[in-house]
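Only heavy atoms go into these numbers, but all of them, side chains included; no hydrogens, no water, no symmetry mates.
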Amino acid sequence: MAPSAAQRVVIENCAIATVDANDTEYASGHLVLAGNRIESVGAGRAPEGLENVVRRIDASGHLATPGLVNTHHHFYQWITRGLATDHNLFDWLVALYPTWARIDERMTYAAAQGSLAMMARGGVTTAMDHHYVFPRGAGDLSGSIIRAAAEMGVRFTLARGSMDRGEKDGGLPPDFAVETLEGALAATEETVREHHDASFDAMTQVAVAPCSPFSVSTELMRQGAELARRLGVRLHTHGSETVEEEKFCHELFGMGPTDYFESTGWLGEDVWMAHCVHMTDADIAAFARTRTGVAHCPSSNARLAAGIARVPDMLKAGVPIGLGVDGTASNESGELHTELRNALLINRLGAHREAALNARQALRLGTYGGAQVLGRAEQIGSLEAGKLADVVLWRMDTLAHASIADPVTALVFGAPAPVTASFVGGRQIVDNGRLVAVDEDEIARSTREEAQRLARIAAQG
């Protein structure tokens, strides 16, 4: 808990969706933030006589929720948005890998700034990036991404990715864009040792994250899992995204993706997979039995025509699920708060129809569910005393939402709600829809310039 001498911020008169185990909500309540923790949350006004109150916020007309947690992304893709817009996953990868293989540190930093800025101004307080493209001589790509997150003030998990199966070995990426097995493992371990913080209030954590079965050797998968567990960090990769991947795994390994993952040590409560669109009943049962998590990316799945993930069935079975933006070359908006709505609507097109998801389930996916799959449910994902003060105030009294009586329904079903304030560890990072610590206009300029520079380099071959 926060020390009694901590400076306090008092937030009052707002609706509150705590997303705790009981889905506790208050029509009009308060939050007290003390230092970097939530000290109290409850109905009505804050307790009288609080000391060291440095700010009081009258949040009338607002809904307070936990900060949104993004569980899958590829920041570098911010500078290749709007390309290959009519491709399925494999064709899209083949079209874009030659361009991605020419990124460098300056590009990666600008792209990370753009990706983080778009999420943060839309209520994301914990971001995640799965970066797996490391061209030779490109500079310190991991460091540049971590620096961008630190400057913005967002809590961050870097999934240090890798690829060692290039075109000559039957993979999709160009050979000059992949690492060796030994090089990938060594660089991943170095990144974990240099940047991973295991403390309760950590701002930066690192996961071990070979890219996917069709760009990674079996030995890198197996040794990557062993490395992660030796270092005590989590594991992340892509899984069961498309029917083409299913076919690839059967042809190359003689089994489907989930059985392949299990054979290489890649099922467990310290693992989460992106997408998981094409899951059989047996696959879902294996994920539930091992508590393997899922990053659900509804917009990207639709953009690449991958299909509709069986989210209701996975939730019923007890699979931990969070939401992901995915790379902005397959989700050009780059926002997570819109994924609350898209997850609900797209899943209602599936077998469960109107019973697939409701508003509160969608909000839970974007908050507590994300905290679960990142292994941080004890610290973030719900508004409870003792947890880190990652809080968002959504304005719900404007034209877009004022006539919807239930604020959670308004947030999920309605238009994207304005973010009046967003706090990470008690520190405000968004004020009236604008980022506090960085210049959005400068980020827009630098991302445009870096996108143009990358396009020129790629065109030169």
field: Aromatic plane relationship, F261 with W266 - under 30° parallel, 30 to 60° tilted, over 60° perpendicular
entry: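 Answer is tilted, since the angle falls between 30° and 60°.
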message: Between D439 and R445, does any side-chain N to carboxylate O distance fall below 4.0 Å?
response: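 No, no charged N to carboxylate O under 4.0 Å.
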Can you tell me how far apart [atom1] ([X]) and [atom2] ([Y]) are? Round to the nearest 0.5 Å.
X: D91; Y: L96; atom1: CG; atom2: CG; value: 11.0 Å
X: E241; Y: S212; atom1: CD; atom2: OG; value: 8.5 Å
X: R310; Y: H296; atom1: CZ; atom2: NE2; value: 13.5 Å
X: R222; Y: L220; atom1: CZ; atom2: CG; value: 11.0 Å
X: Y76; Y: D104; atom1: OH; atom2: CG; value: 14.5 Å
X: L33; Y: I57; atom1: CG; atom2: CD1; value: 7.5 Å

Compare all side-chain heavy atoms of [X] with those of [Y] and state whether any distance is below 4.5 angstrom.
X: I321; Y: L315; result: yes
X: W394; Y: H401; result: no
X: N88; Y: T242; result: no
X: M203; Y: R155; result: yes
X: M279; Y: V319; result: no
X: R165; Y: L252; result: yes
X: T367; Y: L68; result: yes
X: I308; Y: V277; result: no

Provide the closest heavy-atom pair for [X] versus [Y] in the form atom of the first, atom of the second, distance.
X: A362; Y: V412; result: CB-CG1, 3.9 Å
X: S240; Y: T258; result: OG-OG1, 4.2 Å
X: V294; Y: H275; result: CG1-O, 4.2 Å
X: L323; Y: A343; result: CD2-CB, 4.0 Å
X: L363; Y: L340; result: CA-CD2, 4.1 Å
X: A359; Y: F413; result: CB-CE1, 3.9 Å

field: Partner set under side chain to side chain donor-acceptor pair (under 3.5 Å) for R106, not counting sequence neighbours
entry: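 Only E450 meet the side chain to side chain donor-acceptor pair (under 3.5 Å) criterion with R106.
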task: Using the test side chain to side chain donor-acceptor pair (under 3.5 Å), find all partners of H72 that sit at least two apart in sequence or belong to another chain.
output: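 Side chain to side chain donor-acceptor pair (under 3.5 Å) list for H72, sorted by chain: H74, H236, H238, D326.
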Atom CD of E378 with >12 non-hydrogen neighbours under 6.0 angstrom: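 Not more than 12 within 6.0 Å, no.
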task: Report, as yes or no, whether the 6.0 Å neighbourhood of atom CD on E269 holds more than 12 heavy atoms from other residues, nucleotides or ligands.
output: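 Check fails, neighbour count at 12 or below.
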Distance-only polar pair, side chains of [X] and [Y], donor-acceptor under 3.5 Å:
X: E105; Y: Y109; result: no
X: Y260; Y: T218; result: yes
X: N347; Y: H352; result: no

Donor-acceptor contact below 3.5 Å, side chain [X] vs main chain [Y]:
X: N342; Y: E339; result: no
X: R291; Y: G318; result: yes
X: D20; Y: E384; result: no
X: H278; Y: A306; result: yes
X: T85; Y: G82; result: no
X: H195; Y: D197; result: no
X: R234; Y: V373; result: yes
X: Q361; Y: N358; result: yes
X: T292; Y: W272; result: no
X: R37; Y: G425; result: no

message: One pair to check against side-chain hydrogen bond (donor to acceptor under 3.5 Å, both in side chains): H62 and T420. What are the steps and the verdict?
response: CA-CA 8 Å; H62 287 76; T420 295; 2.7 Å; yes
query: Applying side-chain hydrogen bond (donor to acceptor under 3.5 Å, both in side chains), which residue pairs with at least one partner in residues 119-130 are found, sequence neighbours left out?
result: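 Residue pairs passing side-chain hydrogen bond (donor to acceptor under 3.5 Å, both in side chains), neighbours aside: R121-E440.
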message: If we check ring pair (Phe, Tyr, Trp, His ring centres under 6.0 Å) with W100, which of these qualifies: F134, Y132, W78, W92?
response: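 With W100 as partner, ring pair (Phe, Tyr, Trp, His ring centres under 6.0 Å) holds for just one option, W92.
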task: Would you please test E332 and R303 for side chain to side chain contact (heavy atoms under 4.5 Å, CB included) and show each step?
output: CA-CA 9 Å; E332 275 74 5; R303 204 285 209 176; 2.5 Å; yes
- prompt: When V178 is tested against each of S162, S217, P173, S215 for side-chain contact (heavy atoms from CB on, under 4.5 Å), which residue passes?
  reply: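 Of the listed options, the one satisfying the test is P173.
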- prompt: Would F75 and M119 count as a side chain to side chain contact (heavy atoms under 4.5 Å, CB included) if you check the C-alpha gap in whole Å, the side-chain angles of each, and the deciding distance to 0.1 Å?
  reply: CA-CA 11 Å; F75 290 176; M119 287 188 292; 3.6 Å; yes
message: Please determine whether side-chain hydrogen bond (donor to acceptor under 3.5 Å, both in side chains) holds for the pair H73 and N331, giving the CA-CA distance in whole Å, both sets of side-chain angles, and the decisive distance to 0.1 Å.
response: CA-CA 10 Å; H73 211 316; N331 179 358; over 6 Å; no
- prompt: Does the side chain to side chain contact (heavy atoms under 4.5 Å, CB included) test come out yes or no for S142 and R160, once each step is laid out?
  reply: CA-CA 7 Å; S142 294; R160 203 292 181 184; 4.0 Å; yes
message: Does L365 form a side chain to side chain contact (heavy atoms under 4.5 Å, CB included) with L357? I'd like the steps, not just the answer.
response: CA-CA 10 Å; L365 290 178; L357 288 178; 4.0 Å; yes
